[in-house]
A.B. asks: 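Could you have a look at this structure, given as structure tokens, before my questions?
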Amino acid sequence: LRRKNPHIAHTSDAALLGEAIEDEDEDPGESVVAAKGAFYRRLVGQHFTRKLLDAVPKIREACSPAHRGDPQACFPRLPGSKLHGPGSRAEAALEFVKYVSTVFALDVPATNFVRVMRRNLLVLLDVGEFSDASAFVNPCERLVLARVVCDFCNFCRDMDFCRDADLLPAASGEVPEWECLGCGSAYDRLRIEERLIEQLNEALLAYQMQDLVCSKCRLMKQDNFSVQCMACAGKYRTMVGAEEVRTQIAVYLDVASLNHLPMLLDLAKWANDCTVH
């Protein structure tokens with residue numbers, strides 16, 4: 001073939017050489033980034049955006065104040081939840097948009113497409129893109145009991161009564177069974193309740209015994225008689241605020257009430273009543 005048509009062979013070799021040079025000049029990193037950008041443009045910018053623009057108005061309608069009596073249209077009552085309560089103004093559709101946007105934005109190449117999707121969804125809810133209401137905040141507090149050891153297999157774990165799915169109370173209101181993740185044996189509820197009581201007492205004692213610091217220069221108060229800071233005449237304040245302690249007590253109240261822990265419930269109620277508002 002080359003003898004009969006040498007120019008054809010020469011042309012094909014030149015084309016192959018040109019393709020090889022282009023392949024060598026192309027940066028693999030840039031091609032991967034471009035591929036990810038195209039993928040997220042189709043996935044987030046087109047597929048999920050269309051579905052969410054259709055789903056968010058339906059969620060808002062299903063969870064509107066007209067359906068407030070329906071338990072399926074309300075946030076479930078869980079320990080430490082910020083979405084449930086008389087003072088909560090959380091809206092189901094808005095919380096859904098914030099959570100979906102936050103999860104999608106975890107991958108950096110999808111950030112720009114997620115930002116556009118989030119802006120369009122917030123427009124449907126009449127919420128500003130940079131308003132405080134559109135900012136993602138973890139909807140649940142934490143109550144961790146560290147280093148709980150199983151009596152049967154010695155499996156050690158940290159128990160978070162607000163976020164661990166196996167420790168959350170049942171929707172039926174029955175007394176939940178806390179089981180070891182290692183062997184499936186039940187924990188001693190009385191011992192766990194006593195440790196929670198001890199932990200709450202330590203938190204209250206730490207609040208009462210804490211040092212005072214100057215609100216201006218942050219200098220710690222070094223005597224028991226001065227009313228103002230001796231360095232800058234600033235006012236003293238506590239290092240841990242009363243509002244933070246009230247929040248902790250409220251979490252203990254939720255855990256004790258929903259998990260049927262009567263001794264912890266009595267202590268948390270007493271601490272809540274004694275806290276100065």
Side-chain angles (χ1 to χ4, degrees), residues 18-64 73-76 78-85 88-147 156-168 181 240-241 243-244 247-248 251:
E19 292 179 359
I21 294 175
E22 291 179 358
D23 293 339
E24 291 179 358
D25 293 339
E26 186 177 1
D27 188 0
E30 295 180 358
S31 61
V32 171
V33 172
K36 281 189 176 182
F39 170 75
Y40 283 117
R41 182 172 60 253
R42 295 192 302 269
L43 181 68
V44 178
Q46 299 176 6
H47 178 75
F48 279 111
T49 299
R50 294 174 183 174
K51 289 183 175 296
L52 292 175
L53 287 174
D54 181 60
V56 167
K58 295 179 180 178
I59 296 175
R60 190 180 192 182
E61 175 63 26
C63 300
S64 62
C74 302
F75 289 107
L78 297 174
S81 176
K82 302 176 184 178
L83 304 178
H84 189 278
S88 175
R89 299 182 178 179
E91 184 181 352
L94 179 58
E95 297 299 322
F96 175 73
V97 170
K98 291 193 292 187
Y99 300 158
V100 170
S101 302
T102 302
V103 172
F104 282 170
L106 292 176
D107 203 350
V108 177
T111 303
N112 293 332
F113 305 107
V114 173
R115 187 179 295 114
V116 175
M117 179 188 71
R118 177 175 175 271
R119 185 190 307 124
N120 294 331
L121 294 175
L122 291 176
V123 169
L124 294 178
L125 302 175
D126 299 325
V127 177
E129 181 181 2
F130 301 102
S131 63
D132 295 337
S134 64
F136 173 79
V137 179
N138 199 310
C140 185
E141 299 288 346
R142 298 193 67 184
L143 178 53
V144 180
L145 188 63
R147 297 181 297 277
C156 183
R157 65 174 292 195
D158 293 341
M159 301 178 69
D160 191 341
F161 294 94
C162 297
R163 300 186 183 183
D164 289 348
D166 61 310
L167 302 178
L168 296 179
L181 298 179
V240 179
E243 189 63 32
E244 183 177 348
T247 302
Q248 293 181 4
V251 175

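Everything quoted here is computed from the prediction, not taken from an experiment. We count residues from 1, following the sequence as given. Values below: every heavy atom of this structure, side chains too, minus hydrogens, waters and symmetry copies.
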A.B. asks: Going by salt bridge (charged side-chain N to carboxylate O under 4.0 Å, His left out), name the pairs with one or both residues in residues 97-109, residues two or more places apart or in two chains.
C.D. replies: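 Checked against salt bridge (charged side-chain N to carboxylate O under 4.0 Å, His left out) - neighbours excluded - the pairs reaching residues 97-109 are Glu95-Lys98.
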A.B. asks: Please report the interatomic distance CG(Leu125) to CG(Asn120), rounded to the nearest 0.5 Å.
C.D. replies: 11.5 Å
A.B. asks: Who passes salt bridge (Lys or Arg N to Asp or Glu O under 4.0 Å) against Arg142, sequence neighbours left out?
C.D. replies: Asp160
A.B. asks: Please list all pairs meeting salt bridge (charged side-chain N to carboxylate O under 4.0 Å, His left out) that have one or both residues in residues 129-141, counting only residues at least two apart or in different chains.
C.D. replies: Lys82-Glu141, Arg119-Glu129
A.B. asks: Sequence neighbours left out, what passes salt bridge (Lys or Arg N to Asp or Glu O under 4.0 Å) with Arg60? Give chain and number order.
C.D. replies: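 Here the qualifying residues are Glu91.
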A.B. asks: List the steps, then state whether side-chain contact (heavy atoms from CB on, under 4.5 Å) holds for Asn138 with Arg163.
C.D. replies: CA-CA 11 Å; Asn138 199 310; Arg163 300 186 183 183; 3.5 Å; yes
A.B. asks: What residues form a side-chain hydrogen bond (donor to acceptor under 3.5 Å, both in side chains) with Arg41, not counting sequence neighbours?
C.D. replies: none
A.B. asks: Could I get the full list of salt bridge (Lys or Arg N to Asp or Glu O under 4.0 Å) partners for Asp164, not counting sequence neighbours?
C.D. replies: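 Testing Asp164 for salt bridge (Lys or Arg N to Asp or Glu O under 4.0 Å), a comparison that skips the adjacent residues, returns Arg157.
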A.B. asks: What pair of heavy atoms forms the shortest contact from Gly80 to Val251, and how long is it?
C.D. replies: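 Nearest pair, atom of Gly80 first, then Val251: CA-CG2, 4.4 Å.
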A.B. asks: Mind listing the closest non-hydrogen atom pair of Val108 and Thr111 along with its distance?
C.D. replies: O-OG1, 2.8 Å
A.B. asks: Quick one: SG on Cys156 to CG on Leu181, what's the gap to the nearest 0.5 Å?
C.D. replies: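 One finds 11.5 Å between SG of Cys156 and CG of Leu181.
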A.B. asks: With sequence neighbours left out, write down each residue that passes side-chain hydrogen bond (donor to acceptor under 3.5 Å, both in side chains) with Asp54, or none if nothing qualifies.
C.D. replies: Lys58
A.B. asks: Work out which heavy atom in Phe161 is nearest to a heavy atom in Leu145; give both atom names and the distance.
C.D. replies: CE1-CB, 3.9 Å
A.B. asks: My understanding is that only residues two or more places apart in sequence, or in another chain, count here; which of them pass side chain to side chain contact (heavy atoms under 4.5 Å, CB included) with Ala133?
C.D. replies: Leu94, Val127, Ser131
A.B. asks: Suppose we screen for side-chain hydrogen bond (donor to acceptor under 3.5 Å, both in side chains). Which residues come up paired with Ser134, at least two apart in sequence or across chains?
C.D. replies: Arg118
A.B. asks: For Leu168 and Pro79, which heavy atoms make the closest approach, and how far apart are they?
C.D. replies: CD2-CD, 4.3 Å
A.B. asks: Compare all side-chain heavy atoms of Leu78 with those of Cys140 and state whether any distance is below 4.5 angstrom.
C.D. replies: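 SC-SC contact between Leu78 and Cys140 ruled out.
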A.B. asks: Return the set of residues passing side chain to side chain contact (heavy atoms under 4.5 Å, CB included) with Phe96 (not counting sequence neighbours), or none when no residue passes.
C.D. replies: Leu52, Val56, Ile59, Val100
A.B. asks: Applying ring-ring contact (aromatic ring centres under 6.0 Å, His included) as the test, list every pair that has at least one member in residues 122-146; sequence neighbours left out.
C.D. replies: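 Counting only pairs at least two positions apart or across chains, the ring-ring contact (aromatic ring centres under 6.0 Å, His included) contacts touching residues 122-146 are Tyr99-Phe136.
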A.B. asks: Is the shortest heavy-atom distance from the side chain of Leu121 to the side chain of Leu53 under 4.5 Å?
C.D. replies: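 Yes, at least one pair of side-chain atoms sits under 4.5 Å.
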A.B. asks: Residues in salt bridge (Lys or Arg N to Asp or Glu O under 4.0 Å) with Lys51, at least two apart?
C.D. replies: none
A.B. asks: Taking atom CZ of Phe104 and atom CG of Leu43, what is their separation to the nearest 0.5 Å?
C.D. replies: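 One finds 6.5 Å between CZ of Phe104 and CG of Leu43.
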